[in-house]
Each structure stands twice: as structure tokens, then as C-alpha cells.
Novice: 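If you scroll down you'll find the structure; I have some questions about it.
Note that the numbering runs from 1 along the sequence shown for the chain.
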Amino acid sequence: MTPELLSSLSLSTPELIIAVGALALLMIGVFSGERANSTVTGLAVALLVAAGAWMLVFGHDGAGYGTAFVSDPFARFMKFLTLLGAAVTLIMSVGFAKAEKFDKFEFPVLVLLATLGMLLMISANDMLALYLGLELQSLALYVIAAINRDNVRSTEAGLKYFVLGALSSGMLLYGISLVYGYTGHTSFEAIAAALSGGERQLGLVFGLVFVLAGLCFKISAVPFHMWTPDVYEGAPTPVTAFFAAAPKMAAMALIVRVTMGAFEPIGTDWQQIIVFVSIASMALGAFAAIGQKNIKRLMAYSSIGHMGYALVGLAANSEAGVRGVVIYMLIYLVMTLGTFAFILAMRRKDGNVEQISDLAGLSSTNPMMATILTILMFSLAGIPPLAGFWGKWYVFLAAINANLYALAIIGVLASVVGAFYYLRIIKIMWFDEPVGGFQPMAGELRLVLGLSGAFVLFYVLIGGPIGQMAEAAAKTFF
């Protein structure tokens with residue numbers, strides 16, 4: 001082995017751990033049959049933890065595989081969030097899988113392969129590496145969405161996601177081909193050098209638009225959000241929790257890396273695109289969720305809105321803006337995992353329920369669950385001093401410092417409108433007549449719900465160290 005290859009392999013050790021581990025677990029599942037389902041899930045979580053621990057202990061900066069793969073503080077921070085999201089959703093799926101006859105060993109293996117694609121996306125420093133990571137993630141997610149083959153809604157969700165995902169991949173490839181045609185490079189550094197050396201051409205801007213369109217699909221930003229409500233509602237709830245958590249971290253990290261890396265010299269062009277997508281996502285997320293009756297569909301529109309808020313920070317095109325995006329994604333991840341732990345616990349004797357009306361009078365039948373969900377809903381609405389408020393504070397402050405006053409004002413107004421449907425859930429739980437309690441909550445769900453509630457409530461006490469880590473991650477690009 002050459003020294004360069006050894007260096008590249010050491011940089012990508014977390015990815016190698018997950019890749020080799022996923023193939024080994026696939027063999028265990030195939031040869032052991034259904035007996036290995038819970039074992040494979042446990043080992044998959046252990047692999048994700050091992051990859052994260054290796055990254056935290058032995059992770060170092062550098063570029064590998066001919067600069068196509070890069071490791072830096074930003075990559076490590078976002079990879080940690082991605083691994084956390086994947087591991088927690090696997091842990092939360094255990095009880096649901098047994099109750100709903102959903103415990104297939106293929107599920108954790110596909111989650112591992114999707115997570116591998118996400119880690120490669122976050123470290124991508126070349127258009128081809130970007131595409132390969134994105135497709136590895138997407139192909140696994142298409143199967144996961146339709147994994148419950150006996151359920152019509154699940155298969156419909158998988159088909160919709162596949163068709164629209166194929167369309168977005170085509171747009172992304174077309175954009176990459178235009179960028180390559182006008183710059184002669186696929187490496188992010190080489191593209192940035194080519195753009196800073198001469199006048200940008202109109203065809204290149206078209207390429208930029210198509211690349212960002214393909215990436216916006218992955219974070220379900222408007223106008224590429226069409227798949228989100230149907231897939232969130234139709235897919236099994238643990239799958240929806242996974243969709244809402246880990247892939248969003250990777251796709252947002254990739255958008256930041258592409259804009260701040262490859263297209264940094266033409267910031268005024270991509271800023272306009274990001275501002276439009278951000279405003280459209282915040283507005284649609286605020287208004288479309290008002291009439292929803294299914295809590296998973298409501299979380300889909302909530303997710304669209306939150307991606308719009310995160311993009312406010314990116315639109316600022318500043319170190320403070322990237323820092324705001326990183327902090328916002330961390331807070332969003334914790335709030336989302338906690339909310340989905342609650343949704344998975346919405347279970348009666350005849351199975352899981354998903355209607356918001358089923359929460360009526362929960363405060364009298366299970367006051368602890370109602371209290372923690374109230375905290376999470378207030379945080380999602382951005383009520384101070386909870387974590388969700390600070391996430392919005394950082395991105396709006398970055399926009400104001402970048403003189404994007406209109407964007408910040410629209411964001412605040414969208415937050416006010418969006419607060420309505422979060423407060424409606426709180427009103428139903430505390431003031432409506434009870435319709436019957438839920439089954440006792442599984443231990444793993446109680447743990448996730450409790451920890452996320454504590455994080456949101458006491459964020460002001462731990463916000464300092466988190467802010468410092470986010471600042472170190474943001475300095476990668478400045």
C-alpha cells in the first residue's frame with residue numbers, strides 16, 4: 001500500500017467500519033434468519049457508536065483519495081449528528097418492530113448503508129464523490145420507505161419517493177455536467193479557483209441552479225418538498241423518524257459545503273437562490289400545517305419550515321451564518337427525535353394511532369408525557385428560553401448582520417404563524433376531554449423523550465460549549 005492510500009484509509013475509518021460492518025450483519029441476518037433480527041439491530045447500533053467514538057478520538061484533518069474526500073471540524077460535527085440520529089432511530093424502532101411484526105434484519109442493514117452514504121456526502125469534496133454518496137443514501141432510503149410491503153400506504157410512499165428522487169438525481173447530474181462543462185473540473189477547490197479567475201457565464205449559473213435543486217430535494221425544501229407529507233405519513237413511524245433526522249443533517253451539510261466551497265466566488269448568485277428557497281419553505285411550512293389532522297403529516301410540514309429557517313443562516317454567507325446553521329441542525333435533530341419518540345408511544349390496545357385528536361386530554365391520563373411534549377412543542381415554535389428559540393436567534397441574527405432584513409422579518413412572521421399549530425396540540429392535550437390513555441411507554445422511548453426534553457429545557461446551561469464547537473466547525477470555510 002502506498003502512504004497516500006494508507007492516509008486516505010485512516011481518514012475514512014468511520015466509513016470503513018460501517019461499510020464492513022453492514023456487509024457482515026447482512027451475512028449474519030441471511031444465515032441466521034428471523035432469530036437474528038434483534039441481534040442485528042443491536043450490533044448496528046454498536047457499529048454506529050463505534051464509528052462515532054473512533055471519529056471523536058482519532059479523527060484528524062486532511063484530504064484523501066485525491067482530494068475527493070475531506071475530513072475537517074465541520075465534517076466531524078455534522079457526521080456526529082448524523083450518526084446520533086441514525087443510532088437513536090434504530091433504538092426507538094425496537095418496540096415498534098416487535099409490536100407491528102416489523103422486525104426484519106434488513107432494516108438496520110439498510111439504515112447502516114444509508115448512513116454510510118450520508119457520511120460520504122458530508123466529506124465529499126468533488127462532484128462525483130458528492131453524487132456517489134448521495135445515491136448510496138438514496139437507494140437505501142427508497143427501500144426503507146417501502147419496507148412494510150403488506151401496507152399499501154408504505155409501498156405508495158416508497159414509490160413516490162423513488163420517482164421524485166430519480167427526477168432530482170437527474171437534475172443534479174445535469175447541473176454537475178454543466179458545471180464541469182464550463183469550468184473543466186469536478187473538484188470543489190478547482191471549481192472555486194476557475195470561478196474566481198474569470199467572469200462567470202450564464203450556463204454555469206444554470207448548472208448551479210440544477211445542483212442546488214437536486215440538493216434541496218434531499219432536505220425537502222420548497223419547491224422540491226412534494227414527496228415529504230405522503231412519505232412521512234405512509235412510511236412506518238421508525239422510518240419516518242429516520243427520514244426526519246439523519247438525512248437532513250447530511251444534506252444540509254452538503255449544501256453548506258457546495259456553496260461555501262465550490263461556489264464561494266459567486267456568492268451573490270447562490271445567495272439569491274437560497275433566500276428564495278428559504279422564504280418559500282418557511283411560508284409553506286407555516287401555512288400548510290395548519291389544517292393537518294395526522295401528526296406525522298404535521299411533522300412533515302414542520303420539517304419543511306425548519307429547513308427554511310436553517311437556510312436563513314446559510315443565506316447570510318458568513319461565519320456567523322454557518323455557525324447558526326450548525327447549531328440549528330443540532331437543536332432540530334434533538335427536538336425531532338424527542339417528538340418521534342412520543343409519536344411511537346401513541347399506542348392503544350388495537351395498535352398505534354396517528355391522529356392529533358387522539359391526544360385529547362392526555363394531561364389527565366399521562367401528565368408526564370403531556371408535559372414533555374408541551375416543552376418540545378414550545379421549543380419547535382421558538383418560545384424563549386427553550387432551545388428552539390436559540391436556534392432561530394442565531395440564524396436570524398446572522399441574517400440581520402448580513403443586511404438581509406426582509407428575510408429575517410419574514411422568518412419571524414412565519415414563526416408566529418407556525419406557532420399556531422404547535423399551540424393547538426398543547427391546547428388539545430391540556431384542555432380537551434380525554435378520549436382514553438395510551439399503553440405504557442417503552443423504556444427506550446421514555447429515555448429518548450426524557451433526554452430530549454431535558455436538552456431543550458436546559459439548553460441555556462450547555463449552550464456555551466455547543467456554540468464553541470459550532471464556531472470551530474464554521475471556521476472550516478473562513
Side-chain angles (χ1 to χ4, degrees), residues 77 81 84-85 88 244-245 248-249 282 285-286 289 298-299 302-303 305-313 316 320-342 362-363 367-401 407-431 447-474:
F77 192 98
L81 297 189
L84 177 68
V88 172
K248 295 278 196 297
M249 304 298 118
M282 291 188 295
L298 184 140
M299 287 304 294
S302 169
S303 154
H306 281 288
M307 291 305 103
Y309 296 125
L311 289 173
V312 170
V322 176
R323 176 169 167 258
V325 172
V326 170
I327 293 173
Y328 197 97
M329 294 311 290
L330 167 62
I331 292 170
Y332 165 79
L333 175 69
V334 175
M335 294 188 300
T336 301
L337 290 174
T339 306
F340 274 98
F342 180 91
L362 184 67
S363 59
M368 185 55 71
M369 276 178 76
T371 302
I372 298 177
L373 185 65
T374 300
I375 292 168
L376 291 172
M377 289 295 115
F378 274 135
S379 182
L380 284 164
I383 307 295
L386 302 174
F389 166 78
W390 294 107
K392 288 178 180 172
W393 169 269
Y394 287 119
V395 292
F396 290 158
L397 190 64
I400 289 167
N401 289 337
L407 179 62
I409 290 167
I410 292 169
V412 171
L413 293 175
S415 293
V416 173
V417 175
F420 169 78
Y421 53 82
Y422 298 122
L423 296 175
R424 183 164 65 98
I425 291 177
I426 295 168
K427 173 258 176 191
I428 287 170
M429 287 193 300
W430 290 91
F431 299 109
L447 178 67
V448 173
L449 187 62
L451 288 176
S452 62
F455 176 91
V456 164
L457 190 58
F458 300 113
Y459 178 81
V460 285
L461 303 179
I462 56 172
I466 289 172
Q468 289 168 4
M469 289 187 284
E471 195 169 347

Novice: Go through the steps to decide whether I425 and I428 satisfy the test side chain to side chain contact (heavy atoms under 4.5 Å, CB included), and finish with yes or no.
Specialist: CA-CA 5 Å; I425 291 177; I428 287 170; 5.7 Å; no
Novice: Quick one: ring-ring contact (aromatic ring centres under 6.0 Å, His included) partners of Y332, sequence neighbours excluded?
Specialist: H306
Novice: Please identify each residue that fulfils ring-ring contact (aromatic ring centres under 6.0 Å, His included) with F455, with sequence neighbours left out.
Specialist: Y459
Novice: What closest approach, in Å, do G321 and A316 show between heavy atoms, and which atom pair accounts for it?
Specialist: CA-CB, 4.4 Å
Novice: Considering all heavy atoms of both residues, which atom of A341 and which atom of V448 are nearest to each other, and what is their separation?
Specialist: CB-CG1, 3.9 Å
Novice: Using every non-hydrogen atom in the two residues, find where A244 and T336 come nearest and quote the distance to one decimal.
Specialist: CB-CG2, 3.5 Å
Novice: Starting at CG of L298, measure out to OG of S303 and round the result to the nearest 0.5 Å.
Specialist: 11.0 Å
Novice: What is the distance from atom OH of Y328 to atom CE of M335, rounded to the nearest 0.5 Å?
Specialist: 5.5 Å
Novice: Please tabulate, for side-chain N and O atoms in residues 367-390, each donor-acceptor pair with protein atoms closer than 3.5 Å (sequence neighbours left out).
Specialist:
| residue | atom | partner | partner atom | Å |
| --- | --- | --- | --- | --- |
| T371 | OG1 | P367 | O | 2.7 |
| T374 | OG1 | A370 | O | 2.6 |
| T374 | OG1 | W430 | NE1 | 2.7 |
| S379 | OG | G388 | N | 2.8 |
| W390 | NE1 | P385 | O | 3.2 |

Novice: Quick check for you: to the nearest 0.5 Å, what is the distance between L337 atom CG and L84 atom CG?
Specialist: 6.5 Å
Novice: Does either side chain, that of Y421 or that of S302, offer a donor lying less than 3.5 Å from an acceptor on the other one?
Specialist: no
Novice: Closest approach of V326 and A470, non-hydrogen atoms and distance?
Specialist: CG1-CB, 3.8 Å
Novice: How many angstroms lie between atom CD1 of I331 and atom NZ of K392, to the nearest 0.5 angstrom?
Specialist: 11.0 Å
Novice: Indicate the atoms forming the closest heavy-atom contact of A289 with R424, along with that distance.
Specialist: O-NH2, 4.5 Å
Novice: So, taking the atom named CE in M249 and the one named CE in M329, what distance separates them when rounded to the nearest 0.5 Å?
Specialist: 3.5 Å
Novice: Quick check: closest heavy atoms across A399 and V312, and the distance to 0.1 Å?
Specialist: CB-CG1, 3.7 Å
Novice: So how far is it from F340 CZ to M299 CE, rounded to the nearest 0.5 Å?
Specialist: 5.0 Å
Novice: Taking Y309 for its side chain and S415 for its backbone only, find out whether a donor-acceptor pair lies under 3.5 Å.
Specialist: yes
